[in-house]
S.K.: 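Please find one structure pasted underneath; my questions will follow.
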Amino acid sequence: MKKPLRRVLTVTAGAILVGSGVAWYAILGRTRIIDLAPNLFVLHTSSFGRPIGGNVTVLVGDTTLLVFDTELSPLTTRLKRLISTRSRLPIQTIINSHWHPDHNGGNERLRAPGTELVAHPSVRDRLASGSEGFGLTRPGSHHRFDRRGEDALPTVLVEDSLIRQFGRDRIVVHYAPGAHTGGDLWAVIPEAGVVLLGDIVWPGSFPFVDTHSGGTAPGLLAALQHIMDVVPGKITAVPGHGLPLDRPSLAAYLGMLASTLASVTNHRQAGHTLEETQEAGLPEYAAWASRLTPTDEWIRMIYETVGESSLPPSADSNGRTEPAEGVAIKELDGPH
Ligand SMILES: [Zn+2]
């Protein structure tokens, strides 16, 4: 089928499903298992080659499972079924990389009595009280997320690092201050050389930095640099969205981050306004622009956060910030 026709069919079917109140991605999306090792796999959902929601990684231990991120809630039934095709062991640990709902939507239903739920304290805060999301689907978008029930809330709060043993595999969880959000966790399984990135890296495009919830461009760069420093040798890195990456791909991504941050910093230090900096653009990196983070947005994310400490001054100790005054509320629909 030719691509434009595919797109028309996808959009039409999506519109019908949205109109009927059904999550279109739960019907049209295809979820496949990507094996990283005999006891380690990723559940990756996509529709016509585009990722849907977030990746879910499962580590199988001797007697229990660990799950890193839990996707959008309408996909939970499918996740449970696919996990059970590989292992029927109980889930001992769920880790949420951050508060965005495409990474924790399945918390309630994947969790069992005794399951620990690991996240940064600001994630618990946001899930418990409800939250506003800005730019999560495209520049200027706004979503309001209701507060979640007790079953969805983290029980083990990580402000620095945490170690768990699953069978012969050790997993080390790290906090990355002020990166994609103000409450990002990433993890490494050192013996397997596998890194679970959350949304610190966006394969093939500029990253999305949630500047409304404590994310900063320098923090994102520092997080990726730290990951590459502490994980020597070969790496298989699972991003929050998209397919796994190797070390050379991460190095290229790091190079793009460093160059674009340097360029925008130079403009800012030269006294150029944000608009002037956007006018100059990032011509060498035009191919990295995406619908979620076009070049102007990436420049804004850098310009507003570069040169500051790991968290913006307006963030409280949990990395929360109030929405900027005057932010337009344009829509209230679900996350993608
Ligand atoms: Zn995210």
Side-chain angles (χ1 to χ4, degrees), residues 25 42-46 50-57 67-73 75 94-107 118-127 130-145 148 152 154 158 173-187 195-217 219-221 223-224 227 237-243 245 253 257 290-293 297-298 301 305 311-312 315 318-321 323 333-336:
Y25 46 82
V42 178
L43 298 167
H44 173 74
T45 304
S46 62
R50 287 182 59 177
I52 293 176
N55 287 326
V56 175
T57 305
V67 174
F68 187 91
D69 277 345
T70 62
E71 251 280 18
L72 294 160
S73 57
L75 295 168
I94 291 174
I95 301 169
N96 290 155
S97 62
H98 60 290
W99 74 269
H100 293 156
D102 45 346
H103 299 265
N104 53 56
N107 281 5
V118 177
H120 185 261
S122 63
V123 173
R124 183 181 167 93
D125 182 27
R126 281 186 173 268
L127 298 190
S131 203
E132 307 281 329
F134 294 88
L136 300 188
T137 51
R138 59 182 163 278
S141 70
H142 169 251
H143 302 90
R144 181 173 297 132
F145 302 107
R148 304 273 290 275
V158 176
V173 180
H174 295 267
Y175 171 50
H180 169 62
T181 68
D184 292 352
L185 298 183
W186 64 276
V195 178
L196 310 178
L197 293 163
D199 280 354
I200 289 169
V201 169
W202 293 71
S205 69
F206 292 135
F208 172 72
V209 172
D210 187 348
T211 56
H212 294 278
S213 70
T216 74
L220 194 92
L221 172 67
L224 182 54
I227 289 166
V238 182
H241 309 272
L243 298 173
L245 302 158
Y253 204 82
L257 291 179
S290 69
R291 177 173 172 268
L292 182 65
T293 311
E297 270 297 284
W298 178 226
M301 290 164 184
T305 61
L311 292 176
N318 282 334
R320 289 194 65 156
T321 55
D333 54 9
H336 291 198

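Both counts, for ligands and for their atoms, begin at 1 and track the order of listing. The figures that follow rest on heavy atoms only: side chains count, while hydrogens, waters and symmetry mates do not. From a predicted model like this one, the values you see are computed outputs, not experimental measurements.
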S.K.: Heavy-atom distance under 4.5 Å between the side chains of Leu257 and Pro207, does that happen here?
M.R.: yes
S.K.: Is the ring pair His120/Tyr175 parallel, tilted or perpendicular, if the boundaries are 30 and 60 degrees?
M.R.: parallel
S.K.: With carbon and hydrogen excluded and only N/O/S kept, which atom of Asp199 is nearest the Zn ion (ligand 1)?
M.R.: OD2
S.K.: How many angstroms lie between atom CG of Asn55 and atom OG1 of Thr45, to the nearest 0.5 angstrom?
M.R.: 8.0 Å
S.K.: For the Zn ion (ligand 1), find the closest N/O/S atom belonging to His100 and write down its atom name.
M.R.: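 Within His100, restricted to N, O or S, the Zn ion (ligand 1) is closest to atom ND1.
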S.K.: Give the name of the N/O/S atom in His180 that lies closest to the Zn ion (ligand 1).
M.R.: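 Going through the N, O and S atoms of His180 one by one, NE2 ends up nearest to the Zn ion (ligand 1).
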S.K.: Going by the side-chain contact (heavy atoms from CB on, under 4.5 Å) test, name the single residue among Asn96, Leu43, Leu75 that passes it with Thr70.
M.R.: Asn96
